[in-house]
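In what follows, a structure is listed as structure tokens, so that the remarks can point back to it.
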Amino acid sequence: MQNNRQTTRHPVSVPATIESGQTAVGGVVLDVSATGARIRLASGAFLASQCVLTTALFAEAVPSRIVWRRGAEIGLRFRTTLNIKQELGAFRSRPFNAVQSGGFGRRAGLS
């Protein structure tokens with residue numbers, strides 16, 4: 001099978017939350033690129049296609065769209081292209097304890 005991706009996927013294993021309307025579901029980011037991410041969800045809750053990804057990988061929450069679903073996994077396309085090398089570099093340079101103790105990103109404008 002040919003891979004037609006224009007951006008490189010980076011394997012990771014980082015906790016995440018996907019919010020869609022009134023629903024928030026935990027999961028794990030399995031891989032990420034500048035344009036999207038593959039997530040394994042912790043539950044089978046219904047999520048509308050428009051959602052927000054919050055994870056320690058990124059400084060802020062990332063507005064996204066669910067573009068595919070396979071069992072407990074979903075594929076997200078980010079609304080904007082991210083500078084993934086910069087984001088991953090910043091994530092990897094953070095102290096381990098900050099990530100493990102809930103160093104998740106925040107939605108812009110919220111404290």
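Just so we're clear, the structure is a prediction, and the values are computed from it rather than from any experiment.
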Can you confirm whether L47 sits close enough to T23 that some side-chain heavy atom of one is under 4.5 Å from a side-chain heavy atom of the other? yes

Apply side-chain contact (heavy atoms from CB on, under 4.5 Å) to the pair V14 and F91, showing each step before the final yes or no. CA-CA 10 Å; V14 181; F91 170 73; 3.7 Å; yes

For a 4.5 angstrom cut-off between non-hydrogen side-chain atoms, does I66 reach C51? yes

Check whether any side-chain heavy atom of T54 lies under 4.5 Å from a side-chain heavy atom of V62, and answer yes or no. no

With ILVMFWY side chains joined below 4.5 Å, transitively, what does F46's cluster contain besides itself? none

Check whether any side-chain heavy atom of V32 sits under 4.5 Å from a side-chain heavy atom of R9, and report yes or no. no

Specify the closest pair of heavy atoms between V25 and A45, including all atoms of both residues, with the distance to one decimal. CG2-CB, 3.6 Å

Where A48 and S20 come nearest, the two heavy atoms and their spacing: N-OG, 2.9 Å

Which heavy atom of F78 sits nearest a heavy atom of S64, and at what distance? CD2-OG, 3.4 Å

Path from L57 to L41 over hydrophobic side-chain contacts below 4.5 Å: yes

Salt bridge (Lys or Arg N to Asp or Glu O under 4.0 Å) pairs, two or more places apart, involving residues 42-59: none

For residues 35-47, pull every pair meeting side chain to side chain donor-acceptor pair (under 3.5 Å), keeping only residues two or more places apart or in separate chains. T7-T35, D31-R38, S33-T35, R38-E73

Who pairs with Q86 by side chain to side chain donor-acceptor pair (under 3.5 Å), at least two apart in sequence or on another chain? N83

List for me each residue that meets salt bridge (Lys or Arg N to Asp or Glu O under 4.0 Å) alongside R69, sequence neighbours excluded, and say none if there are none. none

Give me each pair satisfying salt bridge (Lys or Arg N to Asp or Glu O under 4.0 Å) with a member in residues 42-57, each pair once, sequence neighbours excluded. none

Are the side chains of I18 and L76 in touch, meaning some heavy atoms are under 4.5 Å apart? yes

Run the numbers on I84 and T8 for side-chain contact (heavy atoms from CB on, under 4.5 Å), then give the verdict. CA-CA 9 Å; I84 198 66; T8 303; over 6 Å; no

Are side-chain heavy atoms of L82 and F58 found at a separation under 4.5 Å? yes

Contact between I39 and L53 at the side-chain level, heavy atoms closer than 4.5 Å - yes or no? yes

